[in-house]
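Structure first, commentary second.
A, B, ... follow the sequence lines: proteins, then strands. Residue 1 opens every chain. Computation of the quantities below employed the complete heavy-atom set of this structure, encompassing side-chain atoms and omitting hydrogens, waters and symmetry-equivalent molecules. Keep in mind the model is a prediction, meaning the values are calculated, not measured.
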Number of protein chains: 2
Amino acid sequence: METTIPSETVFLPVQGGRASEDIALKLEAAILDGRLTPGERLPSEREMQVQFGTGRGVVREAIQVLKQKGLLEVRKGAKGGAYVRRLEVANVSESLALFLKQRPVEKEQLIEFRESMDQTITLLAIARATPAEKTRLLEEAERFAGLLRKPEPDLALAGEVDRQLNIMLARMARSPLFEWVMQALQLGLSSHDYALYENPLYRERAALNWRDTALSIADNEPLRALSYIGRHYGLLRQCVVETQDLPAEPEAPLFTDVDLPS
Amino acid sequence: METTIPSETVFLPVQGGRASEDIALKLEAAILDGRLTPGERLPSEREMQVQFGTGRGVVREAIQVLKQKGLLEVRKGAKGGAYVRRLEVANVSESLALFLKQRPVEKEQLIEFRESMDQTITLLAIARATPAEKTRLLEEAERFAGLLRKPEPDLALAGEVDRQLNIMLARMARSPLFEWVMQALQLGLSSHDYALYENPLYRERAALNWRDTALSIADNEPLRALSYIGRHYGLLRQCVVETQDLPAEPEAPLFTDVDLPS
DNA sequence: TGGCAGCTAATGGTCGTACCATTAATTGTA
DNA sequence: TACAATTAATGGTACGACCATTAGCTGCCA
């Protein structure tokens, strides 16, 4: 970056010289600095093959990588090709979820992280959100409590509402970074942590606690809100230690023929 | 694709039928549920080409995707091939960093977020890191201060050391999630906030402040540490308002020939 | 016997061509 | 005018060939 000539090669020796990586990096750089903008269409593979002076396979591999990163979307047929995409939080979540799948993190660490984020977000939300937003949050929390008070609550729906509550709160904090990280967590942990609501004992207490938190926020009472948040995660911790993980599903045969688009 | 056995296809219609995606999914599933474990070697491309009943290009594209996800590492030459890898926090951070790169955020919001993370991480590090780690951190901070005290400091090196300091601290917190976010910030924002060290006025103060922070951590003095962190970000804010963004670097020509491994 | 040079084979990386499948636009026809 | 058939552009796949790299083997030489 600073030495002009050797800059690119010094930066990334790319382990063994791979043309496809070079191309991927060039395209990625072009997308990130705006030379290629979302919605725009890249040249066709056959054109790029010529423009980069390589074989088509190399171009395809580069495109595959960027597609996997979420930077490109590939359509086939006439007017097909690689289109630049705007990244979504879901891409980050996917990556996080993958990581958590291969390296199960202690639940305690997840809880700890979320609790910390929640505390900060709540303080920011109290300071910055409009009264209307606060009222809306309270309404949703009441609705949530209502859902879980039923004898046979729809747990999937409840989980979704809980997620929405968290995201709404994050948005009220007026900080995109907190919002994004929170969303990524919510999406990436969908399977993980809603054990709290499966247990009827904790269920109602947790729901009421959410409502009280929302109430404290609406009343601009930060300390009270933090207290309720602490109680929420206390419940969650208590619930988690009582719950054990179940073993995984049976294994499928690997290396069988792929279904071809016949 | 969907006519024979509905089971797999119901899960993921995979937009338009792509053999390479099928293979990638199968391999990924095998890795995630333990049929393939880290360090293990997959069959060679030519073997898989036969076992999956497809062309070699398809197999290569699947491998590329998994490699990009961080699940595989490819070595060439004899005894080469695709080896299963353990995911690292850096992989997730990379994804988040990429996302952040595509979405410009206000500097103040970045600072705010980092400050909040730093506070929490510091408290955790004080509580959990070993004395040896704390000593090491202090040594690095001293080295950092030494670097910036020179009349003509190497700013690139200083930035790198600063980055390492932050990551070291995050690791000391014993929380992969905090490590994740912190690394992502370091990766995605490297160019952003090292303006602090370009200004000789702030430079030395910031460096000394880092050292004092490390000292407080080594002494297990959380409140003092938080105080220094507050001062650090105070300096950063002050510095940022005085600095204006420079226009971007000149654009490089896209679609030029790739350097081939001649 | 020991060590080093050179050979060998396995394997990923690249190229090129050919063909198929899909899709939007065009053209032709009722 | 509406609908059907054709066309052309484009991604998806297959196959075969060759190069570059690398670990291990072979064998010569000191």
Side-chain angles (χ1 to χ4, degrees), chain A residues 12-27 39-68 71-85 257-262, chain B residues 1-3 9 12-27 39-68 71-85 255-262:
Chain A
L12 295 169
V14 281
Q15 57 164 333
R18 297 137 90 36
S20 76
E21 288 195 6
D22 272 17
I23 294 180
L25 286 177
K26 282 191 181 181
L27 292 177
E40 198 166 341
R41 180 182 160 238
L42 270 58
S44 75
E45 294 177 354
R46 289 172 177 85
E47 268 187 65
M48 284 201 264
Q49 165 186 6
V50 175
Q51 291 184 296
F52 283 116
T54 73
R56 194 172 153 213
V58 169
V59 174
R60 283 184 58 81
E61 285 179 16
I63 291 177
Q64 277 288 323
V65 168
L66 296 186
K67 176 184 161 196
Q68 146 62 28
L71 287 171
L72 292 182
E73 173 196 356
V74 178
R75 297 200 280 265
K76 55 185 169 185
K79 283 295 179 67
Y83 289 79
V84 179
R85 244 172 60 103
D257 274 24
V258 168
D259 298 335
L260 297 181
S262 66
Chain B
M1 187 88 80
E2 46 276 295
T3 52
T9 52
L12 294 168
V14 281
Q15 59 163 336
R18 292 135 93 34
S20 76
E21 289 194 7
D22 273 17
I23 294 180
L25 287 176
K26 283 190 179 181
L27 292 176
E40 198 167 341
R41 183 184 157 233
L42 269 59
S44 75
E45 295 178 354
R46 290 171 177 86
E47 269 188 64
M48 285 201 263
Q49 166 185 4
V50 175
Q51 290 185 295
F52 283 116
T54 72
R56 195 172 152 214
V58 169
V59 175
R60 282 185 59 82
E61 285 178 16
I63 291 177
Q64 277 286 324
V65 168
L66 296 185
K67 176 184 162 197
Q68 146 62 27
L71 287 170
L72 292 181
E73 173 196 357
V74 178
R75 297 200 280 265
K76 55 185 168 185
K79 282 293 181 69
Y83 289 79
V84 179
R85 244 172 59 104
F255 299 132
T256 58
D257 274 22
V258 168
D259 298 335
L260 296 181
S262 66

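Of the candidates D:dG11, D:dC18, D:dT13, the closest approach to any side-chain atom of A:Val74 belongs to D:dG11. Taking only side-chain atoms of A:Val58, from C-beta outward, the nucleotide of C:dA9, C:dT14, D:dG11 with the closest atom is C:dT14.
Side chain B:Arg60 to base C:dG12: no donor-acceptor pair is found below 3.5 Å. Remark: the B:Arg75 side chain and the C:dG12 base include no donor-acceptor N/O pair separated by less than 3.5 Å. Not a single donor-acceptor pair, N or O on each side, falls under 3.5 Å between the base of D:dG16 and the side chain of B:Arg56.
The side chain of A:Arg41 contributes an N or O atom lying less than 4.0 Å from OP1 or OP2 of D:dT10. At the phosphate of C:dA10, neither OP1 nor OP2 sits under 4.0 Å from any side-chain N or O atom of B:Lys79.
A salt bridge links A:Glu45 and A:Arg56; the closest N-O separation between the charged side-chain nitrogens and carboxylate oxygens is under 4.0 Å. Between B:Glu61 and A:Lys67 there is no salt bridge, since none of the side-chain N atoms of the basic residue sits less than 4.0 Å from a carboxylate O of the acidic one.
In this structure, A:Met48 places its CE atom 14 Å from P of C:dC15, rounding to the nearest Å. The CD atom of A:Glu73 sits 13 Å away from the P atom of C:dT23 (whole-angstrom rounding). The separation between A:Glu47 atom CD and D:dG11 atom C1' is 14 Å, rounded to whole Å. In this structure, B:Glu61 atom CD and C:dG13 atom P are separated by 13 Å, rounded to whole Å. At whole-Å resolution of the value, CD in B:Glu45 and P in D:dG16 are 17 Å apart. Note: NZ (A:Lys67) to P (D:dT10) measures 18 Å, nearest angstrom. Regarding A:Lys76, its NZ atom lies at a distance of 17 Å from the C1' atom of D:dA8, rounded to whole Å. Remark: P of C:dG13 and CD1 of A:Ile23 are 14 Å apart, rounded to the nearest angstrom.
Side-chain contact between A:Ile23 and A:Met48 is absent, with no heavy atoms from C-beta onward closer than 4.5 Å.
At a threshold of 4.0 angstrom between heavy atoms, the contacts of B:Gly81 are confined to the sugar-phosphate backbone, with no base atom among them. Here A:Gly55 lies in heavy-atom contact (under 4.0 Å) with sugar-phosphate atoms only.
A donor-acceptor pair under 3.5 Å is absent between the side-chain atoms of B:Arg85 and the main chain of B:Val74, judged by distance alone.
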Side chain to side chain contact (heavy atoms under 4.5 Å, CB included) between B:Leu71 and B:Val84, intermediate numbers included: CA-CA 6 Å; B:Leu71 287 170; B:Val84 179; over 6 Å; no
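Both A:Gln49 and A:Gly77 lie close to DNA chain C; mapped to their nearest nucleotides by heavy-atom distance, the more 5′-ward contact belongs to A:Gln49.
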